[in-house]
A.B. asks: 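This is the structure I want to talk about, given as structure tokens.
Lettering follows sequence order; numbering is per chain, from 1. Worth knowing before you read on, the calculation uses all heavy atoms, side chains too, and leaves out hydrogens, waters and symmetry mates.
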There are 2 protein chains.
Amino acid sequence: MLLSKACIYGIRASLYMAAMHEQKRQFVPIREVSDSLDLSFHFLTKILQQLTAAKLMESYKGPKGGIALTRKPKEIMLIEIVAAIDGNGLFTECVLGLPGCGHKKACPLHDKWAYTREAIQIMFNSTSLEEMASKGKRMNLRLSDTLSMEDLITSS
Amino acid sequence: MLLSKACIYGIRASLYMAAMHEQKRQFVPIREVSDSLDLSFHFLTKILQQLTAAKLMESYKGPKGGIALTRKPKEIMLIEIVAAIDGNGLFTECVLGLPGCGHKKACPLHDKWAYTREAIQIMFNSTSLEEMASKGKRMNLRLSDTLSMEDLITSS
DNA sequence: ATATTAAAAGACAATTAAGTCTTAAATAGG
DNA sequence: CCTATTTAAGACTTAATTGTCTTTTAATAT
């Protein structure tokens, strides 16, 4: 699996927040996000803490509290979310985990992998939350079994 | 992590077998492989059973027994090893694990990911054991802390 | 102040991946 | 036939990931 579940959930939650951003909503309770996306509230909380630690989101306690993106969805790239949760081993490490592989000595797959992993990196690096959210809206993406992006953005 | 450890170990063992093939050795004891590569014998045994189940290797019990590649290293592509151990979810599944994503409804990353995952697939699909082994020999690849490909092929 | 809301922190449980150990089955050689 | 060698099969342990639950801390509103 390319991304951990934690990372995937973090991305989905970020997408939800991007949709909320279009509605000018600021702090959204984690409970609302977890209910909407059908994710474990506590597990999501821990994941979002990683995103706030990485300054991608900020949080506010108490009534009217919740989480919010710190920047506009257009300015947040997917790679930032991936790196915050899964780290950037995917973009730096040897595919074969070979002891000799690295800067100096390359493994037999090194060159091909360097190329491929750059393609992966570019994919995450060139995709913003805004782009995903608008695509999701156009294509009526399902964020959970009961919730679609279109519901989310065109309603309310 | 792109590949599981089991898959990585399976690839390393296959590389070792490719090197043995150049020396016209047929059945090589798993114990020799695990010792040489500094891997757990029993764990490696289970991994190799997956490769024999996939007809990439064959095994022989008893004295003079061991494992052997069923085809020439030139004819065995890396993707076969990956598929035998990790399956081909990497080449078929949605990156975001989104419920709506698939043939009909695509997720916001679908097009980019379809392209990227094809790059990954092509990488594994176009690399043979022979190619890796000869590159490994040229570059004196280390298969473990104490063993290099060059030792392996030029010696004995 | 007090009660309520909501995130933070951390203990705990379940699941999966990774690794170990024991026993059984097959084969070669004496 | 007997023993040594080697894979096969499966139970078991450990570690990492995933997921749940409880308590604490901070903010709001009354």
Side-chain angles (χ1 to χ4, degrees), chain A residues 1-13 16-17 20 25-70 82 85-87 89-90 97 144, chain B residues 1-13 17 20 25-70 82 84-87 89-90 97 144:
Chain A
M1 206 169 8
L2 196 77
L3 303 175
S4 69
K5 288 197 175 184
C7 189
I8 287 173
Y9 297 165
I11 293 173
R12 288 195 209 169
Y16 184 93
M17 292 305 295
M20 289 302 107
R25 284 191 66 194
Q26 286 291 334
F27 288 91
V28 177
I30 298 177
R31 176 72 62 183
E32 175 186 324
V33 182
S34 65
D35 281 356
S36 302
L37 304 185
D38 203 27
L39 299 175
S40 150
F41 166 71
H42 292 286
F43 191 33
L44 184 59
T45 294
K46 284 200 287 193
I47 294 164
L48 292 174
Q49 277 168 23
Q50 296 183 268
L51 295 183
T52 59
K55 308 271 187 207
L56 292 172
M57 294 193 182
E58 57 189 324
S59 67
Y60 215 80
K61 287 179 178 176
K64 306 276 174 186
I67 54 164
L69 296 172
T70 49
V82 172
I85 298 171
D86 278 354
L90 187 60
S144 81
Chain B
M1 208 168 9
L2 196 77
L3 304 175
S4 69
K5 289 199 175 184
C7 188
I8 288 173
Y9 297 165
I11 293 173
R12 289 196 210 168
M17 293 305 294
M20 288 304 106
R25 285 191 65 193
Q26 285 290 336
F27 288 92
V28 177
I30 299 177
R31 175 73 59 181
E32 175 185 323
V33 183
S34 64
D35 282 356
S36 302
L37 304 184
D38 203 27
L39 299 175
S40 150
F41 166 72
H42 292 288
F43 191 32
L44 184 59
T45 294
K46 284 200 289 194
I47 294 164
L48 291 174
Q49 278 169 22
Q50 295 183 269
L51 295 183
T52 59
K55 309 270 189 209
L56 293 172
M57 294 195 183
E58 55 189 327
S59 67
Y60 214 79
K61 287 180 179 176
K64 306 274 175 187
I67 53 164
L69 297 171
T70 50
V82 171
I85 298 171
D86 278 354
L90 187 60
S144 81

A.B. asks: Give the rounded distance in Å between these two atoms: CG of A/L44 and P of D/dT17.
C.D. replies: 19 Å
A.B. asks: Which nucleotide wins on minimum distance to the side chain of B/K61, given the candidates D/dT7, D/dA27, C/dG19?
C.D. replies: D/dT7
A.B. asks: Where the side chain of A/T45 is defined as all heavy atoms beyond and including C-beta, which of C/dA8, D/dT20, D/dT7 is the nearest nucleotide?
C.D. replies: C/dA8
A.B. asks: If I take atom CD1 in residue A/I47 and atom C1' in nucleotide C/dG10, what distance separates them, rounded to the nearest angstrom?
C.D. replies: 16 Å
A.B. asks: Find out whether B/I11 and B/V82 are in side-chain contact, i.e. whether some heavy atom of one side chain is under 4.5 Å from a heavy atom of the other.
C.D. replies: yes
A.B. asks: Would you kindly give the CD-to-P distance between B/Q50 and D/dA8, to the nearest whole Å?
C.D. replies: 12 Å
A.B. asks: Where the side chain of A/F43 is defined as all heavy atoms beyond and including C-beta, which of D/dA8, C/dA7, D/dT18 is the nearest nucleotide?
C.D. replies: D/dT18
A.B. asks: Side chain of A/I30, heavy atoms from C-beta onward: which of D/dT18, D/dA8, C/dA7 has the nearest atom to it?
C.D. replies: C/dA7
A.B. asks: For the residue pair B/L2 and A/L2, establish whether any side-chain heavy-atom pair is separated by less than 4.5 Å.
C.D. replies: yes
A.B. asks: Select base, sugar-phosphate, or nothing to describe what A/F27 touches, counting heavy atoms under 4.0 Å on all strands.
C.D. replies: nothing
A.B. asks: Tell me the interatomic distance from A/E58, atom CD, to C/dA6, atom C1', rounded to whole angstroms.
C.D. replies: 15 Å
A.B. asks: Using atom CE of A/M1 as one end and atom P of C/dT16 as the other, report the distance to the nearest whole Å.
C.D. replies: 11 Å
A.B. asks: Send over the distance from B/R31 CZ to C/dT20 C1', rounded to a whole Å.
C.D. replies: 12 Å
A.B. asks: Expressed as a whole number of angstroms, how long is the span from A/Y9:OH to D/dT17:P?
C.D. replies: 15 Å
A.B. asks: To the side chain of B/S40, which of D/dT5, D/dT25, C/dT20 is closest?
C.D. replies: C/dT20
A.B. asks: Give A/L48 one of three labels, base, sugar-phosphate or nothing, depending on what nucleic acid heavy atoms sit under 4.0 Å from its own.
C.D. replies: nothing
A.B. asks: Which residue, B/K46 or A/K64, contacts DNA chain D at a nucleotide closer to its 5' end, judged by nearest heavy atom?
C.D. replies: B/K46
A.B. asks: Return the value, rounded to whole Å, for the distance between atom CG of B/D35 and atom P of D/dT6.
C.D. replies: 11 Å
A.B. asks: For a quick test of reading the model, state the closest non-hydrogen atom pair linking A/D86 to A/C7 and the distance between them.
C.D. replies: OD2-CB, 3.4 Å
A.B. asks: If you compare all heavy atoms of B/Q26 against all heavy atoms of B/M17, which two are closest, and at what distance to 0.1 Å?
C.D. replies: O-CE, 4.1 Å
A.B. asks: Between D/dT22, D/dT7, D/dA9, which nucleotide has the shortest distance from any of its atoms to the side chain of A/H42?
C.D. replies: D/dT22
A.B. asks: Side chain of B/Y60 only, heavy atoms from C-beta on: which candidate in C/dA7, D/dT6, C/dA28 is closest?
C.D. replies: C/dA28
A.B. asks: Any idea how B/F43 and B/Y9 line up, ring-wise: parallel (<30°), tilted (30 to 60°), or perpendicular (>60°)?
C.D. replies: perpendicular
A.B. asks: Which nucleotide sits closest to the side chain of A/K5: C/dA18, C/dA8, D/dG19?
C.D. replies: D/dG19
A.B. asks: Would you please confirm or rule out a distance under 4.0 Å between OP1 or OP2 of C/dA8 and any side-chain N or O of A/S59?
C.D. replies: yes
